[in-house]
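Both counts, for ligands and for their atoms, begin at 1 and track the order of listing. Atoms considered below: every heavy atom in the structure, side chains included; atoms not considered: hydrogens, waters and symmetry mates.
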Amino acid sequence: MNKSNQHVAIIGAGIAGATLANKLLSAGYEVSIYEKSRGTGGRMASCRLEDNSADLGAPFLCPASDIFRQWLTQQPNVNEWTPSTYRFNGKHCKNQTHFIATPKQSSLTRELIQGANLYTSIRVGYLWPERNQAPYEEEQSRVLLRDEHGKALGHYDAAIVTVPAKQAAPLLEAVPRFVRQVEAATPTISWVLVIQISSVVPITAELIQGSHPLLLRCIKDSAKPKRVREENSDTWLIEATPKWSALNSDSDPKHVAEQLRSAFFAVLNRDFNTQPIITAERVHRWLYSRHTTAHLDQRLNVGYLWDANTKIGACGDWLELGDIEGAWFSANKLAEQVILQRELI
Ligand SMILES: Cc1cc2nc3c(=O)[nH]c(=O)nc-3n(C[C@H](O)[C@H](O)[C@H](O)COP(=O)(O)OP(=O)(O)OC[C@H]3O[C@@H](n4cnc5c(N)ncnc54)[C@H](O)[C@@H]3O)c2cc1C
């Protein structure tokens with residue numbers, strides 16, 4: 001069946017939105033994506049740091065299932081990375097292979113949405129079903145989108161929200177039964193600091209993790225394959241633990257940067273006997289870095305939300321597993337549901 005006359009709006013260009021777009025495009029739908037940021041990636045975003053670019057969100061992908069692993073190996077811009085791994089006490093531990101998108105994490109979403117209309121720097125503020133009935137024409141249900149200032153963005157055959165649970169709540173008000181699922185998702189806060197250091201630090205560690213009162217892990221971003229970087233400089237991502245991040249959620253970013261920097265330097269100095277010089281840094285607070293989905297009612301939860309009457313749906317990490325793999329599964333399941341329903345009409 002030709003579905004090319006169906007136009008779906010997707011709100012959010014993270015891994016869930018991009019995966020969904022990719023599936024719907026392959027099935028012949030027209031897809032328009034609205035993204036509030038300047039680029040794609042969401043919590044897999046990358047940022048600029050002077051002349052380098054660095055991953056600001058999820059630093060890598062660690063597939064738990066064979067199906068996700070297999071899908072990752074089929075993506076043209078995804079590579080394996082086996083960082084030399086140490087504990088915070090300086091001891092070497094077993095290296096594990098991860099997957100990363102190249103040349104930066106956000107490249108994966110960019111690639112997946114090829115063929116969709118992408119509207120960036122637009123925050124969708126309103127989404128509501130409307131029934132149009134032109135004289136002598138069949139009644140149609142279409143979804144109206146408006147931006148945060150009330151400006152109409154258009155009518156679509158379906159609209160799918162792929163943003164974090166808290167941000168999804170106001171956009172899903174048209175379907176009251178969705179509220180329970182939205183409220184069941186608990187977000188985690190993460191403070192991160194990205195630093196660029198002038199000289200290459202003479203240590204072999206590329207990932208430092210383990211038990212630490214403040215640090216969750218430190219990742220040498222510039223060691224990832226196919227990263228474009230200035231010579232004689234390294235880039236590190238320092239991620240605070242969820243507990244410390246929650247306790248410091250309202251702290252001054254300058255103070256947070258200072259704390260993370262000195263904790264990282266203490267590790268380098270004590271365990272690796274080195275003291276680098278910072279040339280650029282950026283601190284960022286992720287209010288919804290991951291989601292705990294344990295409270296979801298498993299009898300009701302199918303991994304996505306879809307209302308066949310209004311043609312409004314939602315997918316994302318908060319509806320399945322709370323991480324990248326969950327977001328990917330959620331988007332795949334919803335895409336199948338949307339495509340199946342169209343075929344049944
Ligand atoms: C620091 C950090 C480390 C992490 N580490 C890991 C890890 O090691 N492994 C792992 O599996 N996961 C990790 N995660 C979690 C993982 O990144 C997320 O679970 C996953 O990326 C979520 O994808 P998503 O598409 O569901 O949502 P998102 O990536 O959040 O995408 C939603 C998009 O919607 C946009 N948006 C929001 N509101 C609106 C609106 N009103 N209008 C338009 N656009 C809007 C946002 O800007 C965003 O781009 C990490 C996250 C962070 C922040």
Peer 1: Could you give the distance from CG (D221) to SG (C47), rounded to the nearest 0.5 Å?
Peer 2: 8.5 Å
Peer 1: If every non-hydrogen atom of V338 is compared with every non-hydrogen atom of Y29, which pair is closest and at what distance?
Peer 2: O-OH, 3.6 Å
Peer 1: List every atom of ligand 1 that sits less than 4.0 Å from any heavy atom of V192, numbering the atoms from 1 in the order shown and giving each element.
Peer 2: 1 (C)
Peer 1: Assign the ring pair W236 / F264 to parallel, tilted or perpendicular, where the plane angle (0 to 90°) is split at 30° and 60°.
Peer 2: tilted
Peer 1: To the nearest 0.1 Å, how far is atom 47 (O) of ligand 1 from its closest protein heavy atom, and which atom is that?
Peer 2: E35 OE2, 2.6 Å
Peer 1: If you measure from CG on L56 to CZ on R48, what distance do you get to the nearest 0.5 Å?
Peer 2: 13.5 Å
Peer 1: Which residue owns the protein heavy atom closest to atom 34 (O) of ligand 1, what's the atom, and how far is it?
Peer 2: G12 CA, 3.2 Å
Peer 1: Of the backbone atoms (N, CA, C, O) and the side-chain heavy atoms from C-beta on, which set of P59 has a member under 4.0 Å from an atom of ligand 1: side chain, backbone, both, or neither?
Peer 2: side chain
Peer 1: Any heavy atom of A331 closer to ligand 1 than 4.0 angstrom?
Peer 2: no
Peer 1: Which of parallel (below 30°), tilted (30 to 60°) and perpendicular (above 60°) describes F329 and F68?
Peer 2: tilted
Peer 1: Students should be able to answer this: which protein heavy-atom is nearest to atom 16 (C) of ligand 1, and at what distance?
Peer 2: I324 CG1, 3.6 Å
Peer 1: Please report which non-hydrogen protein atom sits nearest to atom 21 (O) of ligand 1, along with the residue it belongs to and the distance in Å to one decimal place.
Peer 2: R43 CB, 3.7 Å
Peer 1: Taking D157 first and then R142, would you say they form a salt bridge - that is, a charged N and a carboxylate O separated by under 4.0 Å?
Peer 2: yes
Peer 1: Can you name the atoms of ligand 1, numbered from 1 with element, that are less than 4.0 Å from a heavy atom of R123?
Peer 2: 40 (C), 41 (N), 42 (N)
Peer 1: Run the numbers for me: atoms of ligand 1, each under 4.0 Å from some heavy atom of S37, listed by number.
Peer 2: 47 (O)
Peer 1: Going by the atom numbers of ligand 1, which of them fall below 4.0 Å from some non-hydrogen atom of I122?
Peer 2: 42 (N), 43 (C)
Peer 1: At under 4.0 Å between heavy atoms, is it the side chain or the backbone of E239 that contacts ligand 1, or both, or neither?
Peer 2: side chain
Peer 1: Looking at atom 18 (C) of ligand 1, what's its closest protein heavy atom, distance included?
Peer 2: D317 OD2, 3.7 Å
Peer 1: Please work out, at 4.0 Å between heavy atoms, whether the side chain, the backbone, both, or neither of W286 comes within that distance of ligand 1.
Peer 2: side chain
Peer 1: For R177, is the CZ atom crowded, meaning more than 12 foreign heavy atoms sit under 6.0 Å from it?
Peer 2: yes
Peer 1: Give the numbers and elements of all ligand 1 atoms closer than 4.0 Å to a heavy atom of G316.
Peer 2: 26 (O)
Peer 1: Can you label the angle between the Y126 ring and the W128 ring as parallel, tilted or perpendicular, going by 30° and 60°?
Peer 2: parallel
Peer 1: Just by distance, do the side chain of D307 and the backbone of T310 share a donor-acceptor pair under 3.5 Å?
Peer 2: yes
Peer 1: Report the distance from atom SG of C315 to atom CD1 of I10, rounding to the nearest 0.5 Å.
Peer 2: 7.5 Å
Peer 1: Check this for me: does any side-chain nitrogen of one of R227 and D234 sit under 4.0 Å from a carboxylate oxygen of the other?
Peer 2: no
Peer 1: At a 4.0 Å threshold, what atoms of ligand 1 neighbour a non-hydrogen atom of A16?
Peer 2: 25 (O), 26 (O)
Peer 1: Run the side-chain donor-acceptor check on residues 159-167: report pairs under 3.5 Å with partners two or more places apart or on a different chain.
Peer 2:
residue : atom : partner : partner atom : Å
T162    : OG1  : I11     : O            : 2.8
T162    : OG1  : G12     : O            : 3.1

Peer 1: Quick one: nearest non-hydrogen protein atom to atom 36 (N) of ligand 1, plus distance?
Peer 2: V163 CG1, 3.5 Å
Peer 1: Nearest protein heavy atom to atom 44 (N) of ligand 1, by residue and atom, and its distance?
Peer 2: K36 N, 3.1 Å
Peer 1: Where's the contact between P164 and ligand 1, heavy-atom distance under 4.0 Å: side chain, backbone, both or neither?
Peer 2: side chain
Peer 1: Just heavy atoms, cut-off under 4.0 Å: does S289 contact ligand 1 by side chain, backbone, both, or neither?
Peer 2: both
Peer 1: Among V124, I10, L216, T120, whose heavy atom sits nearest atom 41 (N) of ligand 1?
Peer 2: V124
Peer 1: So which atom in L334 and which in W306 form the shortest heavy-atom distance, rounded to 0.1 Å?
Peer 2: CD1-CB, 3.9 Å
Peer 1: Please state whether G326 comes within less than 4.0 angstrom of ligand 1, counting heavy atoms only.
Peer 2: no
Peer 1: Using a 4.0 Å cut-off to any heavy atom of I11, which atoms of ligand 1 qualify?
Peer 2: 40 (C), 42 (N), 43 (C)
Peer 1: Pull out every atom of ligand 1 sitting under 4.0 Å from any heavy atom of T162, numbered as shown with elements.
Peer 2: 27 (O), 31 (O), 32 (C)
Peer 1: So that I can tick it off, tell me whether K36 and E148 are bridged by a salt bridge, with the cut-off set at under 4.0 angstrom between side-chain N and carboxylate O.
Peer 2: no
Peer 1: Tell me which protein heavy atom sits closest to atom 7 (C) of ligand 1, plus the residue, atom name and distance to 0.1 Å.
Peer 2: R217 NH2, 3.9 Å
